[in-house]
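Comments concern the structure below.
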Amino acid sequence: MLFVLARHGQSMANVVDRICSWPENGTLPTEGLSTVGKDQVSKSANAFVAALTLPREATIKIVTSDFTRARETAEIILNTLQSLGHSNSVLIVDERLRERHFGAFEGESGNKGYPKVWEYDAQKQVYPGVESPELVAARALAVINDLSLETDLDLAVVVAHGDTLQILQTRTRNEIKRISPWDHRQLKHLETAEMRIVEF
């Protein structure tokens, strides 16, 4: 099975540099993609589908975080797949792919808040009130493990958030590339709307 990690497009929170990690905020209808974000995802999805070598009858599942910005991204990817002939494509929502919970940094500047948390991550210390990389890795990898059990599945597209996907990448099946979840910042991060193949 082929696994693809997809980060949501530019969100309304991204536009104003605001951390939005609490579920009660991230699932609000107003916390979706910006116009630029929708265009980013459309272009990325079209390029990805055009490069697919899978037959049109392949079984494809898109699994997305329930946050609005991720769901809207997943819906654009699904519509693109179906419009280009991949009719056997479905979308499901999974809360385990939510954004990393950044605690009291909610609503604060990402440019200021994220580096403080990442500094603690690099020291393998939990920033008070913030979800640890190990917990994020465990819940996100559980989604991958569940998908791996679906033997009739040809492609799984996992739609989520920057830190969630960054941390999930540390759990790759490739032993050479596998590192501790705490060291996730050593990996190349996914840009908004980027779709990346990863071995699991």
Side-chain angles (χ1 to χ4, degrees), residues 3-42 44-45 60-82 89-114 116-118 126-147 156-169 181 184 189-196:
F3 282 98
V4 173
L5 304 185
R7 185 182 173 190
H8 63 77
Q10 183 193 69
S11 66
M12 300 305 293
N14 290 147
V15 171
V16 295
D17 182 33
R18 172 171 47 80
I19 294 177
C20 181
S21 68
W22 294 3
E24 56 265 42
N25 295 330
T27 54
L28 290 172
T30 53
E31 291 294 346
L33 299 177
S34 67
T35 301
V36 169
K38 292 175 182 177
D39 187 56
Q40 286 177 331
V41 177
S42 180
S44 181
I60 301 172
K61 179 175 284 188
I62 303 169
V63 188
T64 180
S65 158
D66 62 338
F67 278 33
T68 308
R69 57 190 185 264
R71 282 195 300 100
E72 290 183 355
T73 298
E75 288 164 2
I76 293 172
I77 295 172
L78 176 66
N79 290 338
T80 302
L81 282 164
Q82 293 180 338
S89 303
V90 297
L91 187 157
I92 65 169
V93 176
D94 196 315
E95 295 179 359
R96 293 175 294 179
L97 293 173
R98 285 175 170 172
E99 175 65 286
R100 181 183 186 182
H101 199 291
F102 282 94
F105 286 109
E106 185 76 358
E108 300 296 323
S109 163
N111 288 331
K112 295 179 180 178
Y114 292 139
K116 294 178 181 178
V117 174
W118 296 334
V126 178
Y127 194 100
V130 175
E131 187 178 16
S132 74
E134 288 182 334
L135 290 176
V136 176
R139 61 175 168 86
L141 185 60
V143 176
I144 298 297
N145 290 339
D146 287 349
L147 289 168
V157 181
V158 177
V159 183
H161 310 267
D163 256 37
T164 303
L165 296 176
Q166 182 90 356
I167 292 168
L168 178 57
Q169 286 183 100
H184 65 96
H189 73 279
L190 280 86
E191 301 290 347
T192 50
E194 181 178 349
M195 302 179 72
R196 181 182 300 174

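Side-chain atoms are counted along with the backbone in the values below, which use heavy atoms only and exclude waters and symmetry mates. Because the structure is predicted, anything quoted here is derived from the model rather than measured.
Taking the six-membered ring for Trp, Phe105 and Tyr127 have ring centres closer than 6.0 Å.
Between the Thr68 side chain and the Thr27 main chain, a donor and an acceptor come within less than 3.5 Å of each other. A donor-acceptor distance shorter than 3.5 angstrom exists from the side chain of Ser44 to the backbone of Ala193, with no hydrogens or angles considered. With Asp17 contributing its side chain and Asn111 its backbone, the two residues share a donor-acceptor pair below 3.5 Å. Formation of a donor-acceptor pair under 3.5 Å by the Glu194 side chain with backbone atoms of Ala6 is not found in this model. Side chain of Thr80 to backbone of Ile76: a donor-acceptor contact under 3.5 angstrom is found. Between the side chain of Asn79 and the backbone N or O of Glu75 there is at least one donor-acceptor pair closer than 3.5 Å. A donor-acceptor pair is defined here as one N or O able to donate and one able to accept, closer than 3.5 Å; such a pair exists between the side chain of Thr73 and the backbone of Arg69.
Note that CD of Glu72 and OG of Ser34 are 10.0 Å apart. Values are rounded to the nearest 0.5 Å. Here the CG-CG distance, from Asp94 to Asp66, works out to 8.5 Å after rounding to the nearest 0.5 Å. Between His8 atom NE2 and Lys38 atom NZ the span is 14.5 Å, to the nearest 0.5 Å. With rounding to the nearest 0.5 Å, the separation of OG in Ser109 from OH in Tyr114 is 9.0 Å. For the atom pair Asp163 CG and Arg7 CZ, the distance stands at 9.0 Å (nearest 0.5 Å). Within the model, atoms CG of Leu165 and CG of Leu97 stand 8.0 Å from one another, a figure rounded to the nearest 0.5 Å.
Tested against Arg18, the residues Glu106, Glu108, Glu31 include a single salt bridge (charged side-chain N to carboxylate O under 4.0 Å, His left out) partner, Glu31.
Considering every non-hydrogen atom in both Ser65 and Arg71, the closest pair reads O-CG, 3.4 Å. The shortest non-hydrogen separation linking Leu33 to Gly9 is CD2-O, 3.3 Å.
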key: Derivation of the side-chain hydrogen bond (donor to acceptor under 3.5 Å, both in side chains) call for His101 and Glu99   = CA-CA 6 Å; His101 199 291; Glu99 175 65 286; over 6 Å; no
task = Might you work through the side-chain hydrogen bond (donor to acceptor under 3.5 Å, both in side chains) test for Ser42 and Asp39, ending with a clear yes or no?
result = CA-CA 5 Å; Ser42 180; Asp39 187 56; 5.5 Å; no
request  = Could you go through the side-chain hydrogen bond (donor to acceptor under 3.5 Å, both in side chains) check for Arg196 and Gln169 one step at a time?
outcome  = CA-CA 10 Å; Arg196 181 182 300 174; Gln169 286 183 100; 2.7 Å; yes
inquiry  = Test salt bridge (charged side-chain N to carboxylate O under 4.0 Å, His left out) on Arg139 and Glu131; report intermediate values, then the result.
reply    = CA-CA 11 Å; Arg139 61 175 168 86; Glu131 187 178 16; 2.8 Å; yes
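Ion pair Asp146/Arg96 flagged as a salt bridge, since at least one NZ, NE, NH1 or NH2 atom sits closer than 4.0 Å to an Asp/Glu carboxylate oxygen.
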